[in-house]
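Here's the structure we're looking at; comments come further down.
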Amino acid sequence: MIDPFGRAITYLRVSVTDRCDLRCVYCMAEDMHFLPKAELLSLEELYRVCAAFMRLGTRKLRITGGEPLVRRDVMSLFRGLGSRIGEGLDEVTLTTNGTLLDRHAADLFAAGVRRVNVSLDTLDPARFAAITRWGKIEKTLEGIFAAKTAGLAVKINAVALKGVNEHEFDTMLAWCGEHGFDLCLIETMPLGAIDGDRADQYLPLSLVRARLRQTWTLEETGYRTGGPARYFTVAETGHRIGFITPLTHNFCESCNRVRLTCTGTLYMCLGQDDQADLRQTLRSGASDEALEAAIRAAIARKPKGHDFIIDRRHTQPALERHMSVTGG
Ligand code: SAM
Ligand code: SF4
């Protein structure tokens, strides 16, 4: 599928639930109202949409949420999708907070998953509890090491938060190097209402990178994922560090992805509201051809770039929906 700006759309991110067992301060309000079950696509419906995307040229699927591993029987979806690897599909990956990963790591590997992104914003137990509102770092660390033992490549995702974890990145980079993980730092994005003020949290990664360079040798790499991350190799560890700066525009031109929410809404851009309701298509008894036509029509409307408000003083979210709905 080629969009109106000549970009091949080969990457689908799929949120399988809006629910989560944590409440990270930058992601959710403490008192979240989750969707009634009937509004979610069933695992069979999710598979059907993924299969249609695969027929249309999707090569990479990432399962996300909410916390994907809290969805009941989600492993059956991984097994189904994993069985398609090699038939045009290159990989199935997962983004998780890691709390349930120790239980599922071996099964994920058996299903064909080879890489996982685990969110870990700090190595300090008390800070972890504060950021996630009630999480226990031990669970996430157990999950991370279970994934490593199972043979999964691990990338650690950390959201850079001003005054919270900003002085930990040296330690985290060393820890990742020691254990063989890549590290990806993420700028906060203005998505969904949270309890605090986002302007207080915003930390530009240009500053973080300059600070890291005082200690580490960051070598430019051509490594790209088609997303907003810029990667460097850390000469001292041999592993990569990525910087995700979603508020800059310079990545939109190579954007290769669209996002499916757990309710079957297809967003053509993380930072725009235009969408296509694939659940309605599915539940109206559409044929595979009609489903593919609905997807094609949506891709034909993929916008050139996002509209995030760059004014850092803005306290209102640029978009109403939370990251946990669209899938991070
Ligand atoms: N629960 C899983 C997890 O935490 O990895 C998957 C979903 S989570 C929404 C995906 C990623 O989005 C996480 O790395 C999280 O830190 C990041 N994220 C959530 N809200 C964000 C925000 N407002 N700005 C930047 N990143 C955010
Ligand atoms: Fe849950 Fe992930 Fe959002 Fe944290 S970032 S609240 S773990 S969905």
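Numbering of ligands and ligand atoms starts at 1, following listing order.
- Within the 4.5 Å cutoff, the side chain of Lys60 has no heavy atoms near those of the Leu12 side chain.
- Counting heavy atoms of neighbouring residues, nucleotides and ligands inside a 6.0 Å radius, atom CD of Gln280 does not exceed 12 of them.
- Contact atoms of ligand 1 toward Gly65: 7 (C), 9 (C) (distance under 4.0 Å to a heavy atom of the residue).
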Does Leu173 form a side chain to side chain contact (heavy atoms under 4.5 Å, CB included) with Val234? I'd like the steps, not just the answer.
CA-CA 9 Å; Leu173 194 54; Val234 185; 4.0 Å; yes
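- When each of Leu183, Thr237, Leu120 is checked for a side chain to side chain contact (heavy atoms under 4.5 Å, CB included) with Trp175, only Leu120 meets the rule.
- Shown in contact with Thr188 at under 4.0 Å from a heavy atom are these atoms of ligand 1, numbered in order with element: 24 (N), 25 (C).
- Close contacts of ligand 1 with Gly66, meaning ligand atoms under 4.0 Å from a residue heavy atom, involve 1 (N), 2 (C), 6 (C), 7 (C).
- Neither the backbone nor the side chain of Val118 comes within contact range of ligand 1; no heavy atom lies under 4.0 Å.
- Among the atoms of Asp121, none of the N or O lies under 3.5 angstrom from an N or O of ligand 1.
- Taking every heavy atom of Thr64 and a limit of under 4.0 angstrom, the matching atoms of ligand 1 come to 6 (C), 7 (C).
- Distances between N or O atoms of Met189 and those of ligand 1 include at least one value under 3.5 Å.
- Within ligand 1, counting atoms from 1 as listed, the ones closer than 4.0 Å to a heavy atom of Thr96 are 2 (C), 3 (C), 5 (O).
- In the model, Asp170 has a side-chain atom that pairs as donor or acceptor with a side-chain atom of Trp216 under 3.5 Å.
- Of the N and O atoms on the side chains of Asn97 and Ser119, not one donor lies less than 3.5 Å from an acceptor on the other residue.
- Under the side chain to side chain contact (heavy atoms under 4.5 Å, CB included) criterion, Thr10 pairs with Ala8, Arg59, Asn256, sequence neighbours left out.
- Among the backbone and side-chain atoms of Cys20, no N/O/S atom is found under 2.8 Å from atom 3 (Fe) of ligand 2.
- Near Cys27, with a cut-off below 4.0 Å to any heavy atom, the atoms of ligand 1 are 19 (C), 20 (N).
- For Lys302, there are no salt bridge (charged side-chain N to carboxylate O under 4.0 Å, His left out) partners, not counting sequence neighbours.
- Close approach of ligand 2 to Gly66 is summarised as follows: ligand atoms under 4.0 Å from at least one heavy atom of the residue are 8 (S).
- Residue Ser119 has at least one heavy-atom neighbour below 4.0 Å for each of these atoms of ligand 1: 3 (C), 4 (O), 5 (O), 13 (C), 14 (O).
- Within the 2.8 Å limit, Cys24 places at least one N, O or S atom next to atom 4 (Fe) of ligand 2.
- For the 3.5 Å distance criterion, the side chains of Thr17 and Glu67 fail to qualify, holding no donor opposite an acceptor.
- More than 12 heavy atoms of other residues, nucleotides or ligands shown are found within 6.0 angstrom of CZ on Arg301.
- For ligand 1, the atoms closer than 4.0 angstrom to any heavy atom of Val159 are 16 (O), 26 (N).
- Using a 4.0 Å cutoff on heavy atoms, Glu187 counts as a contact of ligand 1.
- Every heavy atom of Gly65 sits 4.0 Å or more from the atoms of ligand 2.
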